[in-house]
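I have placed the structure first, in the form of C-alpha coordinates, so that the comments after it can refer back to it.
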Amino acid sequence: MPPEPPDSDRPNPWGAGESEAAGLTSPRTVVTAEGDKAAAAEQFNCPNCGGSIEIKAAGYTVTVACQYCGSTLDVTDPDVRIIQRYEEEVRKLDLPLGSRGKLRGIEWEVIGYMRRSENGAYPWDEYLLFNPYYGYRFLDTDGRGWTLGRQLTEMPAKNGLLGFTVDGEFYEPFYAQTRSQVDFVLGEFYWQVQVGEEALTADYVRPGKMLSWESSKHETEWTLGELLEPNEVPDAFGVEPLTGGGLPLPHQPSPYKKQSGQMMKIAGLAAAAIILFAIMFGGTSDPETTRVNLATNGVEQSAKIGPIELTRPRQAVTVSARAPGIDNAWIDLAYTLTDRDTGDVYEASNVVEHYSGYDAEGNWTEGSRSSSSKFSMVPAGTYDLTVDAAGSQWLEGQYAATRNAVVEVSIARGATFYSNIILALIVVFVPAIWVWIRHLSFESRRKSDSDFAGDDDDDD
(Lines give C-alpha, C1' and ligand atoms only; values in the text may rest on other atoms or scores of the structure.)
Protein backbone atom coordinates (compact mmCIF):
# COMPACT_ATOMS: atom_id res chain seq x y z
CA MET A 1 0.00 0.00 0.00
CA PRO A 2 1.31 3.47 -0.83
CA PRO A 3 1.84 5.78 2.15
CA GLU A 4 -1.06 8.08 2.93
CA PRO A 5 -0.63 11.82 2.58
CA PRO A 6 -0.58 13.85 5.79
CA ASP A 7 -3.95 14.63 7.40
CA SER A 8 -3.52 18.33 6.80
CA ASP A 9 -3.27 17.66 3.08
CA ARG A 10 -5.63 14.69 2.71
CA PRO A 11 -7.16 14.93 -0.80
CA ASN A 12 -9.65 12.78 -2.69
CA PRO A 13 -10.49 9.87 -2.67
CA TRP A 14 -10.54 10.33 1.14
CA GLY A 15 -13.83 12.15 1.54
CA ALA A 16 -14.23 12.95 -2.21
CA GLY A 17 -17.01 12.41 -4.70
CA GLU A 18 -17.14 9.42 -7.02
CA SER A 19 -15.93 11.21 -10.12
CA GLU A 20 -12.79 12.42 -8.41
CA ALA A 21 -12.34 9.15 -6.54
CA ALA A 22 -12.10 7.38 -9.87
CA GLY A 23 -8.71 9.07 -10.34
CA LEU A 24 -9.21 9.67 -14.03
CA THR A 25 -9.34 13.42 -14.02
CA SER A 26 -8.81 16.08 -11.41
CA PRO A 27 -9.43 19.82 -11.33
CA ARG A 28 -6.24 21.85 -11.88
CA THR A 29 -5.86 25.15 -10.05
CA VAL A 30 -3.33 27.77 -11.20
CA VAL A 31 -1.72 29.91 -8.51
CA THR A 32 0.08 32.95 -9.89
CA ALA A 33 3.49 33.56 -8.35
CA GLU A 34 4.61 37.02 -7.35
CA GLY A 35 6.43 39.01 -10.02
CA ASP A 36 5.88 39.27 -13.72
CA LYS A 37 8.78 37.01 -14.65
CA ALA A 38 8.20 34.28 -12.08
CA ALA A 39 6.63 31.04 -13.22
CA ALA A 40 3.12 30.18 -11.96
CA ALA A 41 2.41 27.26 -9.65
CA GLU A 42 -0.34 24.72 -10.35
CA GLN A 43 -2.18 22.28 -8.10
CA PHE A 44 -4.06 19.04 -8.82
CA ASN A 45 -4.69 15.61 -7.33
CA CYS A 46 -2.77 12.48 -8.30
CA PRO A 47 -5.04 10.26 -10.45
CA ASN A 48 -3.49 7.17 -8.86
CA CYS A 49 -3.69 7.86 -5.12
CA GLY A 50 -5.46 11.22 -4.91
CA GLY A 51 -2.53 12.95 -3.23
CA SER A 52 -2.36 16.72 -3.63
CA ILE A 53 0.45 17.75 -6.00
CA GLU A 54 1.75 21.25 -6.59
CA ILE A 55 3.80 22.06 -9.68
CA LYS A 56 6.32 24.78 -8.88
CA ALA A 57 7.21 25.62 -12.48
CA ALA A 58 3.86 25.45 -14.26
CA GLY A 59 4.24 25.91 -17.98
CA TYR A 60 7.75 24.43 -17.92
CA THR A 61 7.27 21.14 -16.11
CA VAL A 62 6.49 18.20 -18.37
CA THR A 63 6.70 15.24 -15.99
CA VAL A 64 6.04 14.94 -12.27
CA ALA A 65 6.33 11.95 -9.96
CA CYS A 66 3.83 11.79 -7.11
CA GLN A 67 5.52 12.10 -3.74
CA TYR A 68 2.92 9.80 -2.14
CA CYS A 69 2.73 6.82 -4.47
CA GLY A 70 5.62 7.38 -6.87
CA SER A 71 3.46 7.33 -10.03
CA THR A 72 4.99 9.21 -12.96
CA LEU A 73 2.49 11.67 -14.44
CA ASP A 74 2.33 13.54 -17.74
CA VAL A 75 1.18 17.04 -16.78
CA THR A 76 1.03 18.18 -20.41
CA ASP A 77 -2.13 16.07 -20.70
CA PRO A 78 -5.18 18.08 -19.53
CA ASP A 79 -6.32 15.06 -17.52
CA VAL A 80 -2.85 14.38 -16.04
CA ARG A 81 -2.23 10.97 -17.58
CA ILE A 82 -0.34 8.33 -15.59
CA ILE A 83 2.79 7.37 -17.51
CA GLN A 84 4.03 4.79 -15.03
CA ARG A 85 3.01 3.52 -11.63
CA TYR A 86 5.90 2.97 -9.30
CA GLU A 87 4.23 0.89 -6.60
CA GLU A 88 6.90 0.95 -3.90
CA GLU A 89 7.20 2.99 -0.77
CA VAL A 90 8.71 6.38 -1.39
CA ARG A 91 12.30 6.33 -0.20
CA LYS A 92 13.58 8.79 2.31
CA LEU A 93 15.53 11.47 0.48
CA ASP A 94 18.58 13.33 1.74
CA LEU A 95 16.87 16.49 0.47
CA PRO A 96 13.08 16.20 0.82
CA LEU A 97 11.01 17.58 -2.04
CA GLY A 98 9.86 21.09 -1.31
CA SER A 99 12.81 21.94 0.92
CA ARG A 100 14.48 25.26 0.25
CA GLY A 101 18.02 26.46 0.73
CA LYS A 102 20.37 29.20 -0.42
CA LEU A 103 23.40 28.16 -2.50
CA ARG A 104 25.89 30.70 -3.81
CA GLY A 105 23.54 33.54 -2.85
CA ILE A 106 20.39 32.19 -4.59
CA GLU A 107 17.48 30.44 -2.90
CA TRP A 108 16.54 27.14 -4.53
CA GLU A 109 13.66 24.73 -4.01
CA VAL A 110 14.02 20.97 -4.46
CA ILE A 111 11.30 19.95 -6.94
CA GLY A 112 12.57 16.68 -8.45
CA TYR A 113 14.71 13.68 -7.64
CA MET A 114 16.24 10.84 -9.67
CA ARG A 115 18.37 7.89 -8.66
CA ARG A 116 20.63 7.00 -11.60
CA SER A 117 23.30 4.36 -12.18
CA GLU A 118 25.42 2.64 -14.78
CA ASN A 119 23.29 -0.42 -15.44
CA GLY A 120 22.58 -0.75 -11.73
CA ALA A 121 26.18 -0.12 -10.63
CA TYR A 122 27.86 3.09 -9.35
CA PRO A 123 24.58 4.83 -8.37
CA TRP A 124 24.24 8.55 -7.76
CA ASP A 125 21.44 10.91 -6.72
CA GLU A 126 20.35 13.82 -8.88
CA TYR A 127 18.12 16.57 -7.49
CA LEU A 128 16.40 19.18 -9.66
CA LEU A 129 16.40 22.64 -8.11
CA PHE A 130 14.17 25.50 -9.21
CA ASN A 131 14.03 29.24 -8.73
CA PRO A 132 11.33 31.19 -10.63
CA TYR A 133 13.84 33.91 -11.60
CA TYR A 134 16.97 31.81 -12.24
CA GLY A 135 15.47 28.63 -13.69
CA TYR A 136 16.84 25.15 -13.00
CA ARG A 137 20.00 23.68 -11.48
CA PHE A 138 21.12 20.11 -10.84
CA LEU A 139 22.46 19.02 -7.45
CA ASP A 140 24.27 15.68 -7.67
CA THR A 141 25.90 13.42 -5.11
CA ASP A 142 27.19 9.87 -4.84
CA GLY A 143 27.74 10.14 -1.11
CA ARG A 144 31.18 11.74 -1.30
CA GLY A 145 30.27 15.34 -2.06
CA TRP A 146 27.76 17.71 -3.68
CA THR A 147 28.04 19.19 -7.19
CA LEU A 148 25.88 22.08 -8.37
CA GLY A 149 25.39 21.96 -12.16
CA ARG A 150 23.88 24.17 -14.82
CA GLN A 151 22.99 23.23 -18.36
CA LEU A 152 25.12 24.95 -21.00
CA THR A 153 23.46 26.75 -23.89
CA GLU A 154 26.53 26.39 -26.15
CA MET A 155 28.63 23.36 -26.95
CA PRO A 156 32.14 23.41 -25.38
CA ALA A 157 35.08 23.99 -27.70
CA LYS A 158 37.10 20.93 -28.67
CA ASN A 159 40.68 21.06 -27.36
CA GLY A 160 43.09 18.37 -28.50
CA LEU A 161 42.02 14.82 -29.18
CA LEU A 162 39.89 14.29 -26.08
CA GLY A 163 39.57 17.46 -23.99
CA PHE A 164 37.21 20.45 -24.11
CA THR A 165 37.42 24.12 -23.17
CA VAL A 166 34.72 26.20 -21.47
CA ASP A 167 35.31 29.90 -20.74
CA GLY A 168 39.02 29.44 -21.38
CA GLU A 169 39.36 26.55 -18.91
CA PHE A 170 40.51 23.12 -20.09
CA TYR A 171 38.71 19.94 -19.01
CA GLU A 172 40.54 16.64 -19.36
CA PRO A 173 38.71 13.35 -19.97
CA PHE A 174 37.96 11.26 -16.90
CA TYR A 175 35.07 8.86 -17.55
CA ALA A 176 34.72 7.47 -21.05
CA GLN A 177 31.37 7.12 -22.77
CA THR A 178 29.08 4.75 -20.87
CA ARG A 179 25.38 3.98 -20.60
CA SER A 180 23.39 5.24 -17.61
CA GLN A 181 19.80 4.57 -16.57
CA VAL A 182 17.09 6.04 -14.35
CA ASP A 183 16.35 3.74 -11.39
CA PHE A 184 13.94 5.90 -9.40
CA VAL A 185 12.16 9.20 -10.03
CA LEU A 186 10.13 11.52 -7.85
CA GLY A 187 8.85 15.07 -8.18
CA GLU A 188 8.53 17.29 -11.25
CA PHE A 189 10.78 17.74 -14.28
CA TYR A 190 10.83 19.93 -17.38
CA TRP A 191 11.34 16.90 -19.65
CA GLN A 192 9.75 13.48 -20.03
CA VAL A 193 11.46 11.13 -17.58
CA GLN A 194 10.62 7.65 -16.36
CA VAL A 195 12.27 4.67 -14.69
CA GLY A 196 14.38 2.65 -17.11
CA GLU A 197 15.18 5.58 -19.39
CA GLU A 198 18.74 5.31 -20.73
CA ALA A 199 21.33 7.77 -21.98
CA LEU A 200 24.99 7.83 -22.96
CA THR A 201 27.21 9.87 -20.63
CA ALA A 202 30.85 11.00 -20.44
CA ASP A 203 32.66 13.28 -17.99
CA TYR A 204 35.58 15.72 -18.20
CA VAL A 205 37.20 17.37 -15.19
CA ARG A 206 39.46 20.08 -13.88
CA PRO A 207 40.08 20.82 -10.17
CA GLY A 208 36.76 21.83 -8.64
CA LYS A 209 34.62 21.42 -11.77
CA MET A 210 33.13 18.70 -13.95
CA LEU A 211 31.89 18.94 -17.54
CA SER A 212 29.30 16.25 -18.32
CA TRP A 213 28.01 15.15 -21.71
CA GLU A 214 24.70 13.30 -22.02
CA SER A 215 22.96 12.00 -25.11
CA SER A 216 19.55 10.32 -25.23
CA LYS A 217 17.10 9.54 -27.99
CA HIS A 218 15.53 12.94 -27.39
CA GLU A 219 18.50 15.33 -27.16
CA THR A 220 22.17 15.93 -26.39
CA GLU A 221 23.18 18.31 -23.64
CA TRP A 222 26.23 19.55 -21.73
CA THR A 223 26.22 20.35 -18.02
CA LEU A 224 28.89 22.25 -16.12
CA GLY A 225 29.09 21.28 -12.44
CA GLU A 226 30.94 23.01 -9.61
CA LEU A 227 32.01 21.08 -6.54
CA LEU A 228 30.50 22.61 -3.39
CA GLU A 229 32.25 22.88 -0.04
CA PRO A 230 31.31 20.02 2.33
CA ASN A 231 29.27 22.30 4.58
CA GLU A 232 27.37 24.27 1.90
CA VAL A 233 24.42 21.92 1.33
CA PRO A 234 24.04 20.94 5.04
CA ASP A 235 24.06 24.61 6.03
CA ALA A 236 21.67 25.61 3.23
CA PHE A 237 19.07 22.84 3.66
CA GLY A 238 19.59 21.83 7.28
CA VAL A 239 20.54 18.23 6.49
CA GLU A 240 23.26 15.95 7.82
CA PRO A 241 26.71 16.20 6.19
CA LEU A 242 27.75 13.38 3.85
CA THR A 243 29.87 10.68 5.40
CA GLY A 244 32.13 10.47 2.33
CA GLY A 245 34.82 7.82 2.22
CA GLY A 246 36.44 5.91 -0.61
CA LEU A 247 38.36 7.50 -3.46
CA PRO A 248 38.37 11.28 -3.97
CA LEU A 249 35.80 12.69 -6.38
CA PRO A 250 36.95 12.98 -10.02
CA HIS A 251 36.92 16.79 -9.82
CA GLN A 252 37.95 17.13 -6.18
CA PRO A 253 40.93 19.50 -5.79
CA SER A 254 43.86 18.22 -3.81
CA PRO A 255 43.72 19.66 -0.28
CA TYR A 256 47.52 19.57 -0.20
CA LYS A 257 48.36 21.32 -3.48
CA LYS A 258 48.09 24.91 -2.28
CA GLN A 259 49.74 24.09 1.03
CA SER A 260 52.65 22.27 -0.64
CA GLY A 261 53.20 25.21 -3.01
CA GLN A 262 53.28 27.69 -0.14
CA MET A 263 55.59 25.50 1.92
CA MET A 264 57.95 25.03 -1.04
CA LYS A 265 58.18 28.81 -1.45
CA ILE A 266 58.89 29.28 2.26
CA ALA A 267 61.46 26.46 2.17
CA GLY A 268 63.15 28.05 -0.86
CA LEU A 269 63.43 31.42 0.89
CA ALA A 270 64.75 29.77 4.04
CA ALA A 271 67.31 27.78 2.01
CA ALA A 272 68.49 30.95 0.28
CA ALA A 273 68.89 32.63 3.68
CA ILE A 274 70.89 29.67 5.01
CA ILE A 275 73.24 29.67 2.01
CA LEU A 276 73.67 33.45 2.18
CA PHE A 277 74.45 33.20 5.91
CA ALA A 278 77.01 30.47 5.21
CA ILE A 279 78.69 32.61 2.54
CA MET A 280 78.79 35.71 4.74
CA PHE A 281 80.00 34.06 7.95
CA GLY A 282 81.67 30.90 6.64
CA GLY A 283 84.99 30.45 4.88
CA THR A 284 88.51 30.94 6.24
CA SER A 285 91.01 33.79 6.53
CA ASP A 286 94.65 34.44 7.47
CA PRO A 287 96.04 30.92 6.84
CA GLU A 288 99.45 29.94 8.22
CA THR A 289 101.29 27.00 6.59
CA THR A 290 104.17 24.68 7.44
CA ARG A 291 105.75 21.76 5.59
CA VAL A 292 106.68 18.39 7.06
CA ASN A 293 109.14 16.13 5.19
CA LEU A 294 108.31 12.48 5.78
CA ALA A 295 109.86 9.12 5.00
CA THR A 296 107.05 6.75 4.03
CA ASN A 297 108.20 4.07 6.44
CA GLY A 298 105.78 4.74 9.27
CA VAL A 299 108.16 6.83 11.39
CA GLU A 300 106.28 9.72 13.05
CA GLN A 301 107.56 13.25 12.75
CA SER A 302 106.31 16.48 14.33
CA ALA A 303 106.05 20.14 13.39
CA LYS A 304 104.59 23.21 15.07
CA ILE A 305 102.72 26.27 13.83
CA GLY A 306 102.28 29.29 16.06
CA PRO A 307 101.54 31.55 17.69
CA ILE A 308 98.00 31.78 16.36
CA GLU A 309 95.88 34.65 17.68
CA LEU A 310 92.12 34.10 17.97
CA THR A 311 90.38 37.35 18.87
CA ARG A 312 86.68 36.39 18.78
CA PRO A 313 85.05 35.04 21.95
CA ARG A 314 84.20 31.82 20.13
CA GLN A 315 85.65 31.00 16.74
CA ALA A 316 85.94 28.09 14.32
CA VAL A 317 89.37 26.97 13.13
CA THR A 318 90.21 24.93 10.01
CA VAL A 319 93.33 22.78 9.66
CA SER A 320 94.06 21.59 6.11
CA ALA A 321 96.64 19.09 4.85
CA ARG A 322 97.87 18.48 1.31
CA ALA A 323 100.40 15.92 0.01
CA PRO A 324 100.52 16.35 -3.78
CA GLY A 325 103.42 13.96 -4.37
CA ILE A 326 102.21 10.74 -2.74
CA ASP A 327 101.00 7.69 -4.69
CA ASN A 328 100.00 4.32 -3.29
CA ALA A 329 100.75 5.87 0.08
CA TRP A 330 98.99 7.46 3.03
CA ILE A 331 99.87 9.90 5.78
CA ASP A 332 98.27 9.72 9.23
CA LEU A 333 97.89 13.14 10.83
CA ALA A 334 97.22 14.13 14.44
CA TYR A 335 96.57 17.76 15.41
CA THR A 336 96.85 19.30 18.87
CA LEU A 337 95.72 22.92 19.34
CA THR A 338 97.01 24.21 22.70
CA ASP A 339 96.14 27.45 24.48
CA ARG A 340 99.42 29.01 25.70
CA ASP A 341 97.82 30.71 28.69
CA THR A 342 95.42 28.08 30.01
CA GLY A 343 96.93 24.90 28.61
CA ASP A 344 93.55 23.83 27.21
CA VAL A 345 93.96 21.31 24.39
CA TYR A 346 91.77 20.64 21.34
CA GLU A 347 92.58 17.52 19.32
CA ALA A 348 91.67 16.14 15.89
CA SER A 349 93.02 13.54 13.46
CA ASN A 350 92.81 12.91 9.74
CA VAL A 351 94.54 11.21 6.81
CA VAL A 352 95.61 12.01 3.27
CA GLU A 353 95.96 9.09 0.86
CA HIS A 354 96.13 8.25 -2.79
CA TYR A 355 96.20 4.93 -4.65
CA SER A 356 96.31 3.99 -8.32
CA GLY A 357 96.72 0.92 -10.46
CA TYR A 358 95.57 -1.05 -13.44
CA ASP A 359 93.24 -4.04 -13.69
CA ALA A 360 90.95 -5.75 -16.18
CA GLU A 361 88.69 -2.72 -16.25
CA GLY A 362 91.57 -0.33 -16.93
CA ASN A 363 93.28 2.35 -14.88
CA TRP A 364 91.83 3.21 -11.48
CA THR A 365 92.51 5.69 -8.69
CA GLU A 366 91.03 6.30 -5.26
CA GLY A 367 91.62 8.42 -2.20
CA SER A 368 92.42 12.11 -1.88
CA ARG A 369 95.75 13.89 -1.52
CA SER A 370 94.13 16.54 0.69
CA SER A 371 91.93 16.66 3.79
CA SER A 372 90.70 19.13 6.39
CA SER A 373 89.74 19.08 10.07
CA LYS A 374 87.60 21.70 11.77
CA PHE A 375 87.45 22.92 15.35
CA SER A 376 84.28 24.70 16.41
CA MET A 377 83.72 27.20 19.22
CA VAL A 378 87.37 27.70 20.15
CA PRO A 379 87.73 30.45 22.83
CA ALA A 380 89.81 33.57 22.17
CA GLY A 381 93.49 33.25 23.01
CA THR A 382 96.99 32.52 21.74
CA TYR A 383 97.44 28.99 20.41
CA ASP A 384 100.08 26.63 19.04
CA LEU A 385 99.26 23.85 16.59
CA THR A 386 101.32 20.67 16.88
CA VAL A 387 101.25 18.35 13.84
CA ASP A 388 102.24 14.68 14.24
CA ALA A 389 102.54 12.95 10.86
CA ALA A 390 103.51 9.41 9.87
CA GLY A 391 103.76 8.35 6.24
CA SER A 392 103.39 4.79 4.93
CA GLN A 393 103.52 3.18 1.51
CA TRP A 394 102.19 -0.08 0.15
CA LEU A 395 104.05 -1.41 -2.87
CA GLU A 396 103.65 -4.81 -4.49
CA GLY A 397 101.78 -6.27 -1.54
CA GLN A 398 104.10 -5.04 1.23
CA TYR A 399 105.22 -1.92 3.07
CA ALA A 400 108.04 -0.13 1.31
CA ALA A 401 110.33 2.78 2.04
CA THR A 402 110.69 5.23 -0.83
CA ARG A 403 111.71 8.82 -1.37
CA ASN A 404 110.55 11.39 1.14
CA ALA A 405 107.00 12.73 0.92
CA VAL A 406 106.07 16.30 1.70
CA VAL A 407 102.83 17.23 3.49
CA GLU A 408 101.74 20.85 3.72
CA VAL A 409 99.64 21.74 6.78
CA SER A 410 97.75 25.04 7.05
CA ILE A 411 95.72 26.52 9.89
CA ALA A 412 93.20 29.28 9.22
CA ARG A 413 90.61 31.20 11.20
CA GLY A 414 86.99 30.32 10.37
CA ALA A 415 85.32 27.28 8.83
CA THR A 416 82.41 26.24 6.66
CA PHE A 417 80.53 23.27 8.13
CA TYR A 418 78.89 21.82 5.03
CA SER A 419 77.26 19.00 6.98
CA ASN A 420 75.43 21.56 9.12
CA ILE A 421 74.27 23.40 6.00
CA ILE A 422 73.00 20.17 4.44
CA LEU A 423 71.24 19.23 7.69
CA ALA A 424 69.60 22.67 7.88
CA LEU A 425 68.42 22.39 4.27
CA ILE A 426 66.96 18.94 4.97
CA VAL A 427 65.12 20.25 8.04
CA VAL A 428 63.73 23.14 5.97
CA PHE A 429 62.59 21.05 2.99
CA VAL A 430 61.35 17.85 4.68
CA PRO A 431 57.92 19.27 5.74
CA ALA A 432 57.34 20.76 2.29
CA ILE A 433 58.40 17.55 0.56
CA TRP A 434 56.14 15.52 2.85
CA VAL A 435 53.09 17.65 1.99
CA TRP A 436 54.04 17.50 -1.71
CA ILE A 437 54.20 13.68 -1.50
CA ARG A 438 50.74 13.65 0.09
CA HIS A 439 49.51 15.82 -2.81
CA LEU A 440 50.93 13.36 -5.33
CA SER A 441 49.36 10.46 -3.43
CA PHE A 442 45.97 12.22 -3.45
CA GLU A 443 46.19 12.87 -7.20
CA SER A 444 47.21 9.25 -7.81
CA ARG A 445 44.16 7.99 -5.88
CA ARG A 446 41.85 10.45 -7.62
CA LYS A 447 43.02 9.52 -11.12
CA SER A 448 42.99 5.79 -10.35
CA ASP A 449 39.22 5.82 -10.86
CA SER A 450 39.52 7.37 -14.31
CA ASP A 451 39.05 5.46 -17.54
CA PHE A 452 42.11 7.37 -18.72
CA ALA A 453 44.28 6.62 -15.68
CA GLY A 454 47.23 5.65 -17.87
CA ASP A 455 47.55 9.18 -19.29
CA ASP A 456 50.33 11.25 -17.75
CA ASP A 457 48.63 14.62 -17.90
CA ASP A 458 50.28 17.52 -16.16
CA ASP A 459 48.54 18.79 -13.06
CA ASP A 460 47.17 22.29 -13.56
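The basis for the numbers below is simple: all heavy atoms, side chains too, and nothing from hydrogens, waters or symmetry mates. By convention here, the first residue in the shown sequence is residue 1.
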Roughly how far apart are K304 NZ and L385 CG, rounded to 0.5 Å?
-> 10.0 Å

Option among D451, D449, D203 that satisfies the side chain to side chain donor-acceptor pair (under 3.5 Å) test with Y175 | D449

So with a 6.0 Å cut-off around OH of Y134, is the heavy-atom count from everything else above 12?
-> no

With the threshold set at 4.0 Å, does a side-chain nitrogen-carboxylate oxygen contact exist between E107 and K102?
-> no

Does any N or O in the side chain of T141 come within less than 3.5 Å of the main-chain N or O of G143, such that one atom is a donor and the other an acceptor?
-> yes

Set of residues satisfying side-chain hydrogen bond (donor to acceptor under 3.5 Å, both in side chains) with respect to R445, sequence neighbours excluded = none

Sorted by first residue and then second, give each salt bridge (Lys or Arg N to Asp or Glu O under 4.0 Å) pair with at least one member in residues 361-389; sequence neighbours left out.
-> R340-D384

Donor-acceptor contact present, side-chain E232 to main-chain E229, <3.5 Å | yes

Mind telling me whether F130 and Y136 have parallel, tilted or perpendicular rings, with 30° and 60° as the class edges?
-> tilted

Where the side chain of R137 meets the backbone of G149, is there a donor-acceptor pair that is under 3.5 Å apart?
-> no

More than 12 heavy atoms from other groups under 6.0 Å of CD on E240 = no

Write down the atom of F375, the atom of A348, and the distance for their closest heavy-atom approach.
-> CZ-CB, 3.7 Å

side-chain contact (heavy atoms from CB on, under 4.5 Å) between E188 and L128: does it pass, once the steps are laid out?
-> CA-CA 8 Å; E188 62 180 273; L128 183 62; 5.8 Å; no

Donor-acceptor pair, side chain of S410 and main chain of P287, under 3.5 angstrom | no

Before giving the answer on salt bridge (Lys or Arg N to Asp or Glu O under 4.0 Å), spell out for R291 and E408 the whole-Å C-alpha distance, their side-chain angles and the decisive distance to 0.1 Å.
-> CA-CA 5 Å; R291 292 187 176 185; E408 299 176 353; 3.1 Å; yes

Just checking, any donor-acceptor pair under 3.5 angstrom between side chains of T336 and T386?
-> no

S260 and H439: side chain donor to acceptor below 3.5 Å | no

Given the side-chain rings of Y127 and Y113, with only the six-membered ring counted for Trp, is the space between their centroids under 6.0 Å?
-> yes

Thinking salt bridges, do R116 and E197 make one under a 4.0 Å N-O criterion?
-> no

Indicate, with yes or no, if the rings of Y204 and W213 have centres closer together than 6.0 Å.
-> no

Would a distance-only check, ignoring hydrogens and angles, find a side-chain to backbone donor-acceptor pair under 3.5 Å from R144 to L247?
-> yes

Should we count CH2 of W124 as having more than 12 external heavy atoms under 6.0 Å?
-> yes

Distance-only, no hydrogens or angles: does the R413 side chain make a donor-acceptor pair with backbone N or O of T318 under 3.5 Å?
-> no

Out of curiosity, K209 NZ to L148 CG, how far, rounded to the nearest 0.5 Å?
-> 12.0 Å

N350 and S372: side-chain donor and acceptor closer than 3.5 Å?
-> no

Just by distance, with hydrogens left out, do D140 and T147 show a side-chain donor and acceptor under 3.5 Å apart?
-> no

Donor-acceptor side-chain pairing of R438 and Y256 below 3.5 angstrom | yes

Distance from F174 atom CZ to S212 atom OG, nearest 0.5 Å?
-> 12.0 Å

Is it true that a side-chain atom of Q315 and a backbone atom of P379 form a donor plus acceptor pair closer than 3.5 Å?
-> no

Would you call E118 and R179 a salt bridge, using N to O less than 4.0 angstrom?
-> no

Is the shortest side-chain N to carboxylate O distance from E226 to R150 below 4.0 Å?
-> no

Looking just at side-chain N and O atoms, do E309 and T382 make a donor-acceptor pair shorter than 3.5 Å?
-> yes

